[in-house]
Amino acid sequence: MNLRVRFAETDQMGIAHHASYVIWLEAARIEWLRERDMSYREIEAAGISLAVTKIQDNYKRIALFYVVLEVTPSLTLAKSRLF
């Protein structure tokens with residue numbers, strides 16, 4: 001998924017705030033499901049929760065205002081969690 005860094009996601013120097021990364025990851029996750037004809041609402045209605053339990057970022061470069069980023073989500077592990 002490609003997305004452009006918006007002005008509201010940056011500081012005065014045009015550098016994206018680290019909190020924006022989580023929003024971009026979530027947008028990519030929903031798009032990943034959509035591309036596979038899966039609806040998050042339908043998945044939850046079936047009793048399946050896709051809870052994010054860990055986010056780990058490796059920053060290679062800063063994200064700047066108006067730059068297009070490529071976010072590539074993947075499913076690495078799906079398992080049951082009992083509460």
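Bear in mind the structure is a predicted one, so any value in this text is a computation, not a measurement.
- Under a 4.5 Å side-chain heavy-atom criterion applied to ILVMFWY residues, the cluster that includes V68 comprises that residue alone.
- Sorted by first then second residue, the salt bridge (charged side-chain N to carboxylate O under 4.0 Å, His left out) pairs that include residues 15-41, not counting sequence neighbours, are E26-R29, E31-R34.
- Here E44 pairs with nothing under the salt bridge (Lys or Arg N to Asp or Glu O under 4.0 Å) rule; sequence neighbours left out.
- When all heavy atoms of P73 and A28 are compared, the closest pair comes out as CG-O, 3.5 Å.
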Tell me which donor-acceptor pairs under 3.5 Å the side chains of residues 10-20 have, and how far apart each pair is, sequence neighbours excluded?
| residue | atom | partner | partner atom | Å |
| --- | --- | --- | --- | --- |
| T10 | OG1 | F7 | O | 2.8 |
| D11 | OD1 | M13 | N | 2.9 |
| D11 | OD1 | G14 | N | 3.2 |
| D11 | OD1 | I15 | N | 3.1 |
| H17 | ND1 | A19 | N | 3.0 |
| S20 | OG | E9 | O | 3.4 |
| S20 | OG | H17 | O | 3.4 |

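- Take V67 and apply the side-chain contact (heavy atoms from CB on, under 4.5 Å) test, not counting sequence neighbours, and it matches L64, L69.
- Not a single ring-ring contact (aromatic ring centres under 6.0 Å, His included) links Y66 to another residue, sequence neighbours left out.
- Residue pairs meeting the ring pair (Phe, Tyr, Trp, His ring centres under 6.0 Å) criterion with at least one partner in residues 23-52, sequence neighbours excluded, are Y21-W24.
- Under a hydrophobic-cluster definition in which Ile, Leu, Val, Met, Phe, Trp and Tyr are linked whenever side-chain heavy atoms come within less than 4.5 Å, directly or via other members, L25 and M1 are assigned to the same cluster.
- Partners of I43 under the side-chain contact (heavy atoms from CB on, under 4.5 Å) rule, at least two apart in sequence or in another chain, are L33, M38, I48, L50.
- Every residue two or more places apart in sequence or in another chain was checked for a salt bridge (Lys or Arg N to Asp or Glu O under 4.0 Å) with E42, and none qualifies.
- Residue pairs satisfying the salt bridge (charged side-chain N to carboxylate O under 4.0 Å, His left out) criterion with at least one member in residues 49-63, sequence neighbours excluded, are absent.
- The hydrophobic clustering, which links ILVMFWY residues whose side-chain heavy atoms are closer than 4.5 Å, places Y59 and I55 together.
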